Amino acid sequence: MSERTPPLRISVVGCGYLGAVHAASMAELGHEVVGVDTDAEKVEFLAAGRVPFFEPGFSDLLRRALDSGRLTFTTDIAAATGAAVHFLCVGTPQRRGEYAADLTYVEAATSSLLDVLGPGELLVGKSTVPVGTAARLAERVAERVPGAALAWNPEFLREGYAVQDTLHPDRLVYGVPALSGLDGTVDAEALLDRVYATIVAEGTPKVVTDYATAEMVKTAANSFLATKISFINAMAELCEATGADVKQLADAIGHDDRIGRKFLNAGLGFGGGCLPKDIRAFMARAGELGADQALTFLREVDNINMRRRIRMVELARQVCDGSLLGKRIAVLGAAFKPDSDDIRDSPALNVAAQLQLQGADVRVTDPAAGDNVRKHWGQLDFVASPEEAAENADVVLLLTEWRQYRELDPATFGKVVRTRRVLDGRNALDREAWEAAGWAYRALGRRNA
Ligand code: UGA
């Protein structure tokens with residue numbers, strides 16, 4: 001932090017994935033930060049420097065921040081009193097039985113923050129919310145604490161890269177009130193620039209806009225990413241019907257830099273705690289606004305995505321001579337993507353469960369998600385290593401492309417299975433090497449050998 005930008009006192013309310021990483025990152029940038037969460041166990045964990053989830057690099061960052069004395073955690077919202085900036089980082093899950101987002105935590109956290117917010121202070125929303133939420137919360141702020149202000153500053157971090165994405169984001173988006181900084185009101189942009197001084201100084205692109213645009217940037221970005229994945233998976237369906245090869249197709253269209261190769265990996269599709277629920281909440285909000293037609297394509301994006309899971313089960317049945325009953329199946333990967341222990345809406349577990357329900361003897365393994373699988377999917381047989389999962393297997397399914405699995409030696413690994421058959425659900429294995437080691441290789445959207 002430069003000498004001209006003195007550190008700020010910051011509170012971060014909600015210390016889940018987003019909040020914990022944000023709080024430690026803000027301390028890393030030199031600020032004095034208090035993280036507040038209602039979950040006493042989580043607070044105790046974080047305060048002791050223990051990380052309640054898997055995230056490369058986060059443990060070191062947290063430890064450094066705690067050792068610096070600039071980061072503390074508490075369950076007591078009163079500790080946020082007097083902070084210049086208060087970040088709202090609570091979750092917005094999908095409502096049970098509906099597409100819409102559940103704003104219970106946003107409402108509750110805002111209510112408790114309003115008890116401590118002071119004039120001249122800035123409340124900053126980072127959670128992913130339906131467009132219109134910020135304007136509504138700003139009214140509550142104005143009524144309760146005249147002289148305070150609200151800004152919306154969406155977060156674009158990816159699990160597995162959370163530290164890097166928070167400290168070096170590819171853009172900053174500030175949704176600020178119309179007259180921000182005028183007539184003695186809080187200058188939200190100037191205050192956020194002080195928070196992110198180091199990041200701004202790196203020349204990070206910044207978009208300063210209204211609340212609605214800022215909220216929509218986030219849902220539009222995730223919708224675009226989901227659409228890109230479903231686009232290539234729709235092409236995979238066609239490749240399966242025509243004998244074409246989706247990987248080569250993606251490489252070829254990806255060379256056009258208007259299209260780009262990133263997020264064109266065909267396979268089992270997207271899962272996790274963000275993309276699926278965000279596109280659904282976006283559709284629900286569009287419906288409320290009378291603009292549902294604009295987003296009907298997202299329903300198809302969702303459908304294509306879910307169809308990949310069914311197709312994977314069908315492919316497994318097909319290679320198991322038409323019946324899954326009693327077949328021993330190894331599932332490599334349980335997390336929704338590599339470098340994460342997050343199993344929310346995990347395509348891998350969805351497939352594993354379907355196979356098991358259809359009579360297969362399924363063994364699942366994952367380098368990081370074991371505890372979560374045992375806790376939430378007790379009916380699945382979880383084992384520690386790929387070799388254990390694959391012992392006497394009739395077929396091996398790669399469903400989350402962890403490096404450890406991509407780097408398996410097909411010849412050695414082939415010794416533990418009953419039949420050398422592999423289904424590459426992520427198009428991530430070196431096909432030639434596996435085939436050379438005598439494996440029958442199949443993948444979604446790929447030509448058969
Ligand atoms: C996503 C966005 O990428 C972040 O920018 C955003 O901040 C975050 O959601 C959020 O809203 O909080 P994340 O859920 O961590 O991040 O995961 P991604 O890396 O986007 O992957 C999502 C899913 O798409 C995974 O299941 C992954 O396996 C799948 N995927 C990704 C594909 O199937 N193909 C691809 O080419 C890329």
Side-chain angles (χ1 to χ4, degrees), residues 14 16-22 53-56 89-94 101 126-129 153-166 169-173 215-236 246-247 249-251 253-254 259-282 301-302 304-309 312 333-351 366 369 398-402 405-406 424-428 443-445:
Y17 203 88
L18 163 62
V21 176
H22 192 68
F53 46 81
F54 180 93
E55 180 62 43
C89 292
V90 293
T92 51
Q94 187 174 338
K126 288 199 82 66
S127 310
T128 303
V129 290
N153 169 222
E155 176 56 59
F156 304 100
L157 68 79
R158 296 160 297 169
E159 294 189 16
Y161 300 88
V163 173
Q164 160 78 13
D165 285 352
T166 306
D170 47 20
R171 77 285 212 189
L172 290 166
V173 176
E215 292 166 317
M216 269 191 64
V217 169
K218 173 64 195 238
T219 37
N222 276 359
S223 298
F224 189 86
L225 294 172
T227 303
K228 207 170 171 191
I229 298 168
S230 278
F231 173 83
I232 201 64
N233 282 332
M235 294 304 110
V246 74
K247 200 164 180 183
L249 179 85
D251 289 343
I253 64 173
I259 296 173
R261 182 62 177 83
K262 289 183 184 162
F263 268 66
L264 276 187
N265 294 322
L268 209 45
F270 59 83
C274 302
L275 262 43
K277 66 116 175 142
D278 285 355
I279 62 169
R280 292 173 194 152
F282 204 18
V301 165
D302 207 354
I304 294 166
N305 193 51
M306 299 313 274
R307 276 208 298 273
R308 293 287 76 190
R309 305 177 184 189
M312 193 70 206
F336 84 104
K337 67 172 190 180
D339 296 315
S340 168
D341 65 353
D342 194 341
I343 57 165
R344 285 176 294 170
D345 199 1
S346 163
L349 287 178
N350 183 307
V351 168
D366 189 281
L398 175 89
L399 301 186
T400 313
E401 68 279 30
W402 284 92
Y405 304 155
R406 283 187 274 121
D424 182 356
R426 292 292 179 182
N427 278 310
L444 298 173

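In each ligand, atom 1 is the first atom listed, and ligand 1 is the first ligand listed. Since we're looking at a predicted model, the values are computed, not measured. Positions are given from 1 along the sequence.
Contacts between Leu18 and ligand 1, counted as non-hydrogen atom pairs separated by less than 4.0 Å, are absent for every part of the residue. When non-hydrogen atoms are compared, ligand 1 lies under 4.0 Å from neither the backbone nor the side chain of Lys262. Of the heavy atoms in Asp165, none comes closer than 4.0 Å to ligand 1.
When each atom of ligand 1 is checked for a heavy atom of Asp278 under 4.0 Å away, the hits are 11 (O). Listed by number with element, the atoms of ligand 1 under 4.0 angstrom from any heavy atom of Arg426 are 28 (O), 33 (O). The Glu155 neighbourhood of ligand 1 comprises atoms 7 (O), with distances under 4.0 Å to a heavy atom of that residue. Near Phe270, with a cut-off below 4.0 Å to any heavy atom, the atoms of ligand 1 are 23 (C), 24 (O), 26 (O), 29 (C).
Annotation: the span from Ser223 atom OG to Ile279 atom CD1 amounts to 6.5 Å, rounded to 0.5 Å. Between Asp366 atom CG and Asp341 atom CG the span is 8.5 Å, to the nearest 0.5 Å. In this structure, Asp302 CG and Thr227 OG1 are separated by 10.5 Å, a value rounded to the nearest 0.5 Å.
Checked by distance only, ligand 1 and Glu159 come closer than 3.5 Å through their nitrogen or oxygen atoms. Considering backbone and side-chain atoms together, Thr128 places no N or O closer than 3.5 Å to any N or O of ligand 1. An N or O contact shorter than 3.5 Å links Phe156 to ligand 1 by distance. Among the atoms of Arg158, none of the N or O lies under 3.5 angstrom from an N or O of ligand 1.
Using a 4.5 Å heavy-atom threshold, the side chains of Asn265 and Arg426 count as separate. With a 4.5 Å cut-off on side-chain heavy atoms, Pro56 and Tyr161 do not count as touching. Proximity of Thr128 to Cys274: side-chain heavy atoms (C-beta onward) are nowhere separated by under 4.5 Å. In this structure the side chain of Met312 reaches within 4.5 angstrom of the side chain of Leu399, judged on heavy atoms. By the 4.5 Å heavy-atom criterion applied to side chains, Ile259 and Leu264 are counted as neighbours. Between Val301 and Ile229, every side-chain heavy-atom pair lies at or beyond the 4.5 Å cut-off. Under the 4.5 Å side-chain criterion, counting only non-hydrogen atoms from C-beta, Arg158 is in contact with Lys337.
Closest to atom 9 (O) of ligand 1 by heavy atom, among Cys274, Ser127, Gly273, is Cys274. If you check each of Leu225, Asp345, Asn427, Leu268 against atom 3 (O) of ligand 1, the one with the closest non-hydrogen atom is Leu225.
Look at Gly272 and you'll find every heavy atom at least 4.0 Å from all atoms of ligand 1. The closest approach between a heavy atom of Lys218 and any atom of ligand 1 is below 4.0 Å. Look at Asn222 and you'll find a heavy atom under 4.0 Å from some atom of ligand 1. Taking a 4.0 Å cut-off on heavy atoms, Gly269 registers as neighbouring ligand 1.
Atom 1 (C) of ligand 1 has Leu275 CD1, 3.6 Å as its closest protein atom, hydrogens excluded (heavy atom only). Considering only non-hydrogen protein atoms, atom 36 (O) of ligand 1 sits nearest to Asn265 N, 2.9 Å. Ranking protein heavy atoms by distance to atom 8 (C) of ligand 1, first place goes to Leu157 O, 3.4 Å. The nearest protein atom to atom 20 (O) of ligand 1, hydrogens excluded, is given as Phe263 CZ, 3.3 Å; this is a heavy-atom distance. Counting protein heavy atoms only, atom 31 (C) of ligand 1 is closest to Ile229 CD1, 3.5 Å. Nearest to atom 19 (O) of ligand 1 among the protein's heavy atoms is Lys337 NZ, 2.9 Å.
Under a 4.0 Å N-O distance rule, the pair Lys126/Glu155 qualifies as a salt bridge.
Around the CZ atom of Phe231, the shell of radius 6.0 Å holds no more than 12 heavy atoms that belong to other residues, nucleotides or ligands. At most 12 heavy atoms of other shown residues, nucleotides or ligands fall within 6.0 angstrom of atom CE in Met216.
Remark: Arg171 qualifies as a cation-pi partner of Phe156 under the 6.0 Å distance and 45° angle criteria applied to the six-membered ring.
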